[in-house]
Every structure is written in structure tokens, then in C-alpha cells.
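Residue numbers begin at 1 in each chain, while the letters A, B, ... track the order of the sequences.
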Amino acid sequence: MISDSVRVRFAPSPTGFLHVGGLRTALFNFLFARNTGGRFILRIEDTDRARYVEGAVENLINTLHWAGLYYDEGPLVGGDFGPYVQSERIGIYKQHVDLLLEKGTAYRCFCTPDRLEAMRKEQEKNKLQPKYDRTCLRLSAKELADNISAGKPFVVRMKVPDDISVKFSDIIRGDVEFLSERVDDQVLLKSDGFPTYHLANVVDDHLMKISHVIRGEEWLSSTPKHVLLYKAFGWELPEFAHLPLLLNPDRSKLSKRQGDVAVEDYRDKGYLKEALVNFVALLGWNPGDEREIFSLAELEKEFSLEKVNKSGAVFNVEKLNWLNFQHLRRQTDGEVLSMLKAHLSKMSIDPSKFPDRYLLEVITAMRERVSFVKGFTEKSPYFFSPPEEYDPAVINKRWKPQSAEYLGELSEAFSKMSDPQKGDYEDALHRTAESLKVGNGELIHPLRLAVSGMGEGPGLFDIVSIIGKEETIRRINSAIERIK
RNA sequence: GGCGCUAUCGUCUAGUGGCCCAGGACGUCGCCCUCUCAAGGCGAAAACACGGGUUCGACUCCCGUUAGCGCUACCA
């Protein structure tokens with residue numbers, strides 16, 4: 001046992017945004033930690049100077065927090081095993097590389113990128129596995145010393161043992177075996193003095209007492225390198241769990257170009273964090289029964305690595321939409337109210353023009369009809385301003401030559417009521433229809449068109465009672481003038 | 001090309017040798033409800049990749065084939 005308790009980490013490289021696959025990895029680590037009473041650590045893997053993106057770390061942390069994933073140790077909050085940013089740990093990697101150099105399980109390589117490139121091309125041409133040819137392993141002591149004193153740039157490579165079998169057990173996949181013959185003498189330390197992922201990852205996981213390495217399946221193939229490194233250092237192996245990949249609809253690894261991959265994209269489109277988290281949790285994990293709607297707290301309680309499956313999962317937006325609807329309807333009216341106000345402001349509609357009581361009525365009327373908060377303005381703009389135009393298809397279907405006359409009668413009837421309630425409008429309409437000797441539908445449909453401009457929505461009398469008598473009459477008169 | 005992983009309805013999945021002529025959910029379609037649209041209810045179509053074994057019995061175990069994906073950098 002590496003540690004008495006579970007310690008897991010999410011170790012993204014700060015490339016500018018949080019990938020939904022990254023969110024899923026972070027979530028599973030987080031859930032596993034919470035479920036087992038362990039600690040969830042955030043470590044920033046920024047060892048590639050070429051990929052440095054300004055502000056990426058802050059953005060990553062913000063997005064993680066937006067999703068409700070708070071880490072116990074990491075940048076900003078600190079911890080006993082810091083620093084948690086790899087670019088601040090360069091000295092540590094250097095020390096460890098020196099250790100391997102002394103032990104002879106690593107060696108300096110002075111080969112130029114050009115030579116390596118040419119070598120690889122040649123190998124590929126001959127259908128050989130691209131692999132470092134160990135030229136620098138055969139350097140004499142004198143050549144080595146000369147190269148060093150000449151200040152020739154070098155990298156440090158791992159010396160992979162010949163002809164052994166590298167085995168490890170993966171919690172999700174079971175026993176996995178690779179032949180060392182197949183693993184390349186991986187670069188551990190780059191010529192700029194920065195470590196590669198493989199080195200930094202192993203050193204940090206060990207030093208930070210990580211008990212379980214939970215990461216994407218794309219790392220499975222390089223795990224033998226890591227296992228060999230642990231052995232070279234004489235360290236105990238953590239547990240490994242390689243998560244199935246998230247896939248595009250065409251089943252390739254989830255990527256841009258085929259849709260949104262940034263968590264921020266989904267947030268900005270109006271998805272609730274509850275829905276996105278729930279959705280991503282279900283990609284590769286299930287509770288073993290038929291429940292599907294989970295809050296983060298419920299997930300923490302239910303999650304286990306044993307129930308994570310092995311095969312990749314397509315990111316299916318349809319189901320995400322449905323989950324958003326499910327979670328939206330689980331929000332309280334008050335929560336929806338404040339989201340609606342924020343949305344109205346975003347749409348340049350001053351929310352203070354509408355009393356809370358009014359907005360709450362709109363929410364009650366529309367709740368079952370929207371999957372997103374933006375649906376309130378998209379599907380029922382008439383609650384926020386009078387219709388600017390009338391749907392021609394509805395006019396065609398519902399507006400008869402006599403409709404204007406009927407609505408005139410109706411408007412007359414409405415105007416005689418004082419402080420009418422929903423039922424009063426209904427009664428008035430029925431009475432008007434009766435005296436006109438027509439079916440209710442002859443009034444209902446044109447009235448809906450007049451007040452909303454469209455042919456669908458909540459119950460007509462709900463709409464009318466929400467917008468009120470004066471406004472209803474105004475809209476009727478306006479429709480009489482404007483339609484046909 | 002090599003190595004590795006994976007393989008149940010279109011999609012997410014349940015299923016750990018008999019309970020499965022395979023269950024749920026999204027989506028699709030139909031019906032009911034109904035002033036419209038949703039929601040809701042009911043129902044339908046829809047899958048064990050293929051071939052060998054093992055076994056009294058395979059979706060479940062083993063082998064092979066095929067397919068998909070991943071990795072194969074001084075990226076992570």
C-alpha cells in the first residue's frame with residue numbers, strides 16, 4: 001500500500017480549455033475520492049513550453065469549479081505535496097534523472113532531431129518498428145565525456161531492459177502484458193531541461209503518494225514505460241484504471257471539428273452543470289440498476305470503479321438535451337427565476353420591467369415545454385413583448401374571414417370584465433362563441449394567434465391571464481388591423 | 001506496418017452459464033389525453049459482429065477471424 005487512504009489526481013495539461021473527456025476523467029477521479037473518503041488532487045502538467053497558453057490554468061480551475069469539482073490539493077489551495085505545477089518542479093525531475101543515470105537505467109543521448117527523424121523514416125521504409133537505435137548507449141566513456149565538456153545538447157533516455165515481459169493489472173481491463181522489446185528507449189528529460197510526461201508523471205505520482213492512477217485509455221499503451229520507470233526507481237506501483245474513450249458519432253476519438261468538445265462551449269450554450277455532469281458520468285459508468293438521473297451528491301455515493309465499462313462511448317447530444325430538461329425541471333422556481341433574469345439581461349431585455357410574480361407565472365406556464373432556460377424567450381417571446389409578426393402557416397390554417405369580427409366581439413366581452421381571472425376569460429369566450437353560434441375553436445385559435453403570433457404554447461387562458469386584460473385587448477385590436 | 005484495447009437495439013447501457021426467443025433509457029413511429037405545442041400515459045419497430053470450440057446448456061468461458069479505436073514524438 002502506497003498510502004493508507006485513497007489519493008487520486010486529475011493531471012491536465014493547460015491547453016486553453018477543459019475538454020469534456022477531461023471533465024469525465026476529472027469527475028471519475030473526484031467521485032472515486034469522495035466515495036472512498038480519499039483526496040482529490042489537481043496537478044498541472046505544463047512541461048511542454050511550446051504549448052503554453054496564457055490564462056489556461058485559471059480557466060481550467062474555473063471550469064472545474066463551475067462543474068462542482070473542487071480539489072483538495074492543488075494550485076491556489078496548496079497541500080503537503082506541492083508544488084502542484086510541474087514547471088515549478090524542474091529541480092525535482094533533474095535530481096531523479098541523475099539518480100537513474102547513476103544506476104545506469106538511463107543514459108544521455110546526443111542524437112540530433114534530424115538524425116532521429118531520418119532514422120525513423122528509414123525504419124518505416126523497411127517496415128520496422130520506429131524505435132531509438134541506441135547509438136548513444138554505445139558511446140565510450142571518452143566520447144561521452146567529450147560530448148559533455150563540449151556542451152553538446154542532450155536528452156536523457158530510459159534504458160529499457162531487453163526481452164522481459166512487462167505486466168500490470170488494470171482495475172478496469174484486468175491483466176495487461178507487453179514485451180519490453182516493444183517499448184522504446186523513451187526520452188525522460190528533454191534537451192531544454194524539462195521532463196517528458198512519462199518521467200514527470202511517475203515521479204510526481206510517487207512523490208504525491210497517488211494510490212490510483214485513473215486516466216483515459218489513450219495512456220494504456222504507454223503504461224509499460226511507466227511501470228518500467230517505477231521499477232527503475234525501486235518504487236511501488238500504484239493501481240491503474242484506464243477509462244474508456246469518449247467518441248465522436250463516427251466512433252473516432254472525440255475531437256473538435258465534429259462538434260463542441262470544450263466544457264465551456266456547453267456551459268455557454270445553456271446546459272446546466274447538473275446535466276453535463278450527469279451525462280458524462282453515464283458515459284462509461286452505470287449504477288447497475290435502471291436509474292439515470294443523478295445529482296453530484298448521489299454520484300459520489302454510488303460511484304465505483306468496478307462498474308466502469310471497457311468500451312468507448314459516443315457523446316450523444318440528444319440524450320444530453322433530455323438530461324438537461326430533466327435537471328431543469330428539478331430546479332426550484334426560485335432557481336429558474338434567477339437563471340431566467342440572467343438570461344433576459346443577456347438578451348438585452350431588462351428583467352426589472354417584469355415583476356418576479358409575473359416571471360414566476362411564465363415559468364409555471366412554460367416549465368414543461370422548455371429544455372433550456374433560453375427556451376423561455378425562444379419558445380414564448382410573447383411574454384416579453386407583443387408579437388411583431390404572425391406565423392403565416394397559422395394564419396392560413398386558423399384565420400377565417402370572420403375571425404376579425406369574432407375577435408372584436410370577444411374584445412368587447414373582455415373589456416367589460418373587472419379584474420378577470422383565468423376562468424373568467426374562459427367563460428367570456430364560451431359565452432361569446434355561443435351568442436355567435438360558433439364553436440369555441442373559432443375564437444380560441446385566432447385569439448392565440450393574436451396574442452402570441454404563433455400556433456403553439458401553454459394553455460391559451462394561461463397566456464391571456466398572464467399578460468392581462470389590457471394587453472390582451474391591445475393585441476386583439478392590433479391583430480385585427482394587421483392580419484390580412 | 002507493429003503493439004495494445006474493445007465488440008449487446010441508430011446511441012448510452014443491463015446482463016458475470018440456465019431467470020434472456022435479451023431488460024431500461026435517449027431518439028424514431030403510432031395511439032390516448034387535448035384549444036395548440038409540450039409534458040404525461042400506453043404501445044411498436046430496433047441488438048447479442050462472424051466462425052470454431054468447452055458444456056447437458058452459451059450474450060455470458062476459450063481460440064480464431066473481422067471490424068473499430070488507441071498508441072507508435074525532445075506532445076500530453
Side-chain angles (χ1 to χ4, degrees), chain A residues 11-15 45-48 50-51 109 111-113 116-117 120 123-124 126-131 153-157 170 172-173 176-179 181-184 186-198 200-201 215-224 242 244-245 247 249-253 279 282-293 309-323 325 329 366-371 375 379-380 394 397-398 426 429 439-445 447-449 452 454-461 463:
Chain A
S13 65
T15 51
E45 310 227 334
D46 59 343
T47 55
D48 186 0
R51 282 219 214 166
C109 171
C111 294
T112 63
L116 294 172
E117 176 84 4
R120 224 172 280 128
Q123 289 166 333
E124 268 172 49
N126 298 323
K127 293 198 182 325
L128 292 168
Q129 171 200 346
K131 201 175 154 192
F154 63 88
V155 300
V156 176
R157 288 180 182 276
D170 186 281
I172 293 167
R173 281 150 222 286
V176 185
E177 180 179 5
F178 289 80
L179 270 4
E181 190 55 30
R182 277 289 314 140
V183 356
D184 198 3
Q186 186 62 47
V187 171
L188 300 176
L189 199 68
K190 305 180 225 177
S191 56
D192 64 4
F194 276 66
T196 59
Y197 170 84
H198 307 289
N201 176 267
R215 69 213 328 182
E217 192 194 326
E218 68 266 34
W219 295 110
L220 190 62
S221 298
S222 37
T223 304
H242 287 93
L245 257 21
L247 273 22
D250 72 355
R251 304 204 75 83
S252 56
K253 184 171 155 184
F279 176 61
L282 257 17
L283 259 20
W285 173 88
N286 72 82
D289 54 40
E290 280 164 3
R291 290 170 299 160
E292 300 205 278
I293 313 295
N309 49 223
K310 311 172 209 276
S311 47
V314 172
F315 191 94
N316 177 220
V317 182
E318 297 287 347
K319 188 135 187 182
L320 208 207
N321 291 342
W322 176 75
L323 278 169
F325 172 66
R329 63 190 299 182
M366 290 301 293
R367 244 183 187 290
E368 299 290 299
R369 277 164 250 265
V370 300
S371 294
K379 293 193 168 177
S380 54
V394 181
K397 188 173 176 195
R398 306 291 195 186
E426 198 162 0
L429 184 137
N440 294 330
E442 294 297 312
L443 296 179
I444 286 177
H445 297 297
L447 177 56
R448 174 182 291 281
L449 181 63
S452 76
M454 44 181 76
E456 59 197 53
L460 175 63
F461 302 106
I463 299 178

Inset, instruction - Look at the side chain of V176(A) and decide which nucleotide, out of rA76(B), rU13(B), rC5(B), has an atom nearest to it. - result: rC5(B)
Legend entry - Under 4.0 angstrom between S221(A) side-chain N/O and rC5(B) OP1 or OP2: no
Inset, instruction - Could you please name the partner base of rC42(B), counting Watson-Crick and G-U wobble pairs only when both distances are under 3.5 Å? - result: rG30(B)
Inset, instruction - Among the candidates rA25(B), rA14(B), rU11(B), find the nucleotide nearest to the side-chain atoms of N309(A). - result: rA14(B)
Inset, instruction - Scan V187(A) against the nucleic acid and name what it touches under 4.0 Å (heavy atoms): base, sugar-phosphate only, or nothing. - result: sugar-phosphate
Inset, instruction - With heavy atoms under 4.0 Å as the rule, sort L460(A) into base, sugar-phosphate or nothing. - result: base
Inset, instruction - Can you figure out which of rC3(B), rA73(B), rA76(B) approaches the side chain of F178(A) most closely? - result: rC3(B)
Legend entry - Set of residues satisfying salt bridge (Lys or Arg N to Asp or Glu O under 4.0 Å) with respect to K379(A), sequence neighbours excluded: none
Legend entry - rA7(B) phosphate, OP1 or OP2, under 4.0 Å from R173(A) side-chain N/O: no
Inset, instruction - May I ask you to say what T47(A) touches in the nucleic acid, namely base, sugar-phosphate or nothing, with a heavy-atom cut-off under 4.0 Å? - result: sugar-phosphate
Inset, instruction - For nucleotides rA47(B) and rC61(B), find the distance between their P atoms and express it as a whole number of Å. - result: 22 Å
Legend entry - C1' spacing across the pair rU60(B) / rU13(B), given as an integer number of angstrom: 16 Å
Legend entry - Separation of the C1' atoms in rC32(B) and rC69(B), to the nearest angstrom: 45 Å
Legend entry - K253(A) side chain near rC71(B) phosphate (N/O to OP1/OP2, under 4.0 Å): yes
Legend entry - Whether Q129(A) side chain and R182(A) backbone form a donor-acceptor pair below 3.5 Å: yes
Legend entry - Contact check, side chains of H242(A) and R215(A), non-hydrogen atoms, under 4.5 Å: yes
Inset, instruction - Find out whether P14(A) and D46(A) are in side-chain contact, i.e. whether some heavy atom of one side chain is under 4.5 Å from a heavy atom of the other. - result: yes
Legend entry - Inter-nucleotide C1' distance (rA45(B), rG10(B)), Å rounded: 12 Å
Inset, instruction - Examine rA76(B): is either OP1 or OP2 under 4.0 Å from a nitrogen or oxygen in the side chain of N201(A)? Give yes or no. - result: no
Inset, instruction - Measure the acute angle between the ring planes of Y197(A) and W219(A), then classify it against the limits of 30° and 60° as parallel, tilted or perpendicular. - result: parallel
Inset, instruction - Look at the side chain of E290(A) and decide which nucleotide, out of rC35(B), rC12(B), rG24(B), has an atom nearest to it. - result: rG24(B)
Legend entry - Base partner of rU54(B), which must satisfy Watson-Crick or wobble distances under 3.5 Å: none
Inset, instruction - Hey, which sits more toward the 5' end of RNA chain B by its nearest nucleotide, L320(A) or Q129(A)? - result: Q129(A)
Inset, instruction - Could you tell me whether the side chain of S252(A) has a donor or acceptor atom within less than 3.5 Å of a complementary atom in the base of rC69(B)? - result: no
Legend entry - Donor-acceptor pair, side chain of D48(A) and main chain of A50(A), under 3.5 angstrom: yes
Legend entry - Nearest-nucleotide comparison on RNA chain B, the residue closer to the 5′ end among K310(A) and E456(A): K310(A)
Inset, instruction - Look at the side chain of E318(A) and decide which nucleotide, out of rA76(B), rC26(B), rA39(B), has an atom nearest to it. - result: rC26(B)
Inset, instruction - Compare the minimum distances between each of rA25(B), rC74(B), rC69(B) and the side chain of L245(A), then state the nucleotide with the smallest one. - result: rC69(B)
Legend entry - Phosphate OP1/OP2 of rA14(B): any N286(A) side-chain N/O under 4.0 Å: yes
Inset, instruction - Under 4.0 Å between any heavy atoms, over every strand shown, what does G459(A) touch: base, sugar-phosphate, or nothing? Just pick one. - result: base
Inset, instruction - With C1' as the reference atom in both, quote the distance from rC9(B) to rC5(B) in angstrom, rounded to an integer. - result: 24 Å
Legend entry - Any strand: nucleotide that pairs with rC21(B) via Watson-Crick or wobble, under 3.5 Å: none
Legend entry - Side chain of R369(A) (C-beta onward), nearest among rA76(B), rU13(B), rC37(B): rC37(B)
Legend entry - N or O in side chain of R251(A) less than 4.0 angstrom from rC12(B) OP1/OP2: yes
Inset, instruction - May I ask you to evaluate whether R291(A) reaches the phosphate of rU13(B), defined as a side-chain N or O under 4.0 Å from OP1 or OP2? - result: no
Legend entry - For rC3(B), the Watson-Crick or wobble counterpart (both distances under 3.5 Å): rG70(B)
